[in-house]
Amino acid sequence: MKKPNLNLSYPEQTGMLIPNIQFSNHTEDDRPLGRYGRMALTYLRDNHPDRYMILKMDGMLMETMHQVQQEATERIERLTHQMLIDNPMPVTDDILERTRHLNDLKLMAKESVLQAFVLVAR
C-alpha cells in the first residue's frame, strides 16, 4: 500500500517540533470581532459547544461571527431609524434632552437585537 504524501511542516516551538496541521482548507480570519460578534462567540462556546466545534473544524466559525456582527450592527441602525420615525426627536434647544432621547432609542434597539439575534448565534 502506498503512503500518502502529507508534506507537513514542523515549526519549532520551545525546543519541540510541532506538526503544522490544519483541520480545514479555510484559514482562520484574523480580523477583529466587534462587540456582538464576541458576545455571539462566547454564547455559542458556552451554551452550544458541539456546534461551536463543528463551525471551528469546518473553518467557518470566524466567518459566521463576522456575519453575526455585521447583521446585528445593520439591524440596530435600522431599528434606531424606525424608532426615530415613530418617536421623533423632541422639539427643544436642550442638546442633552435630544441626546438622551436618541441614546434611549439606541439602547432599546441594542437590547432587542441582543435578545433576538446575537444570543441565537445562528
Side-chain angles (χ1 to χ4, degrees):
M1 184 172 192
K2 187 177 178 183
K3 288 186 178 181
N5 185 5
L6 296 178
N7 292 331
L8 291 177
S9 63
Y10 293 87
E12 185 176 343
Q13 294 179 358
T14 63
M16 296 176 61
L17 295 176
I18 308 293
N20 188 11
I21 298 175
Q22 189 172 339
F23 289 106
S24 71
N25 292 332
H26 301 299
T27 57
E28 280 294 316
D29 194 348
D30 291 336
R31 293 178 294 161
L33 272 177
R35 175 182 183 193
Y36 300 103
R38 288 190 313 268
M39 291 171 80
L41 181 67
T42 302
Y43 178 80
L44 190 64
R45 184 182 59 230
D46 294 347
N47 297 300
H48 303 283
D50 42 332
R51 193 160 168 225
Y52 171 84
M53 285 306 296
I54 289 170
L55 284 172
K56 187 161 180 73
M57 289 177 95
D58 284 345
M60 299 294 295
L61 180 65
M62 294 310 288
E63 182 179 327
T64 303
M65 294 302 109
H66 282 292
Q67 184 179 357
V68 167
Q69 171 66 37
Q70 180 181 357
E71 290 179 16
T73 303
E74 289 171 0
R75 187 171 290 185
I76 288 170
E77 290 174 8
R78 281 195 312 270
L79 278 173
T80 302
H81 181 69
Q82 183 62 43
M83 286 192 280
L84 199 51
I85 291 171
D86 295 342
N87 300 313
M89 286 287 224
V91 180
T92 180
D93 289 335
D94 187 7
I95 293 175
L96 292 177
E97 179 65 24
R98 294 171 60 90
T99 303
R100 183 198 58 77
H101 181 74
L102 186 59
N103 285 342
D104 287 345
L105 295 180
K106 283 183 182 179
L107 186 62
M108 286 188 285
K110 287 177 182 179
E111 187 64 30
S112 173
V113 167
L114 179 66
Q115 293 300 321
F117 193 75
V118 174
L119 296 183
V120 177
R122 317 270 240 146

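This is a predicted model, so every value here is computed, not measured. As a basis for the values below, the full set of heavy atoms in this structure was taken, side chains included, without hydrogen atoms, waters or symmetry mates.
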Go through the structure and list residues passing side chain to side chain contact (heavy atoms under 4.5 Å, CB included) with [X], not counting sequence neighbours.
{"X": "Leu107", "result": "none"}
{"X": "Pro32", "result": "none"}
{"X": "Leu17", "result": "Tyr10, Glu12"}
{"X": "Ile54", "result": "Asp58"}

Who passes side chain to side chain donor-acceptor pair (under 3.5 Å) against [X], sequence neighbours left out?
{"X": "Glu74", "value": "Gln70"}
{"X": "Asn103", "value": "none"}
{"X": "Thr73", "value": "Gln69"}

Out of curiosity, [X] [atom1] to [Y] [atom2], how far, rounded to the nearest 0.5 Å?
{"X": "Gln67", "Y": "Met62", "atom1": "CD", "atom2": "CE", "answer": "13.0 Å"}
{"X": "Tyr52", "Y": "Leu41", "atom1": "OH", "atom2": "CG", "answer": "5.5 Å"}
{"X": "Met53", "Y": "Leu44", "atom1": "CE", "atom2": "CG", "answer": "11.0 Å"}
{"X": "Glu63", "Y": "Arg31", "atom1": "CD", "atom2": "CZ", "answer": "8.0 Å"}
{"X": "Ile85", "Y": "Thr80", "atom1": "CD1", "atom2": "OG1", "answer": "11.0 Å"}

- Take Arg98 and Thr92 through the side chain to side chain contact (heavy atoms under 4.5 Å, CB included) test and state the conclusion after the steps. CA-CA 8 Å; Arg98 294 171 60 90; Thr92 180; 4.0 Å; yes
Considering non-hydrogen atoms only, spot the tightest contact between [X] and [Y] and give its length.
{"X": "Leu105", "Y": "Met83", "answer": "O-CE, 3.1 Å"}
{"X": "Leu33", "Y": "Arg38", "answer": "O-NH1, 2.9 Å"}
{"X": "Val68", "Y": "Tyr36", "answer": "CG1-O, 4.3 Å"}

- Query: Are the side chain of Ser112 and the backbone of Met108 linked by a donor-acceptor contact shorter than 3.5 Å?
  - Reply: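 Looks like no, no N/O pair under 3.5 Å.
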- Those residues that, when tested against Glu97, pass salt bridge (charged side-chain N to carboxylate O under 4.0 Å, His left out) (two or more places apart): Arg100
- Would you find more than 12 non-hydrogen atoms of other residues, nucleotides or ligands less than 6.0 Å from Ile95 atom CD1?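 Incorrect, the count does not exceed 12.
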- Heavy-atom side-chain contact between Lys110 and Leu114 under 4.5 Å: no
- Message: Show every salt bridge (charged side-chain N to carboxylate O under 4.0 Å, His left out) that has at least one partner inside residues 84-95, sequence neighbours left out.
- Response: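 Every pair satisfying salt bridge (charged side-chain N to carboxylate O under 4.0 Å, His left out) with a residue in residues 84-95: there are none.
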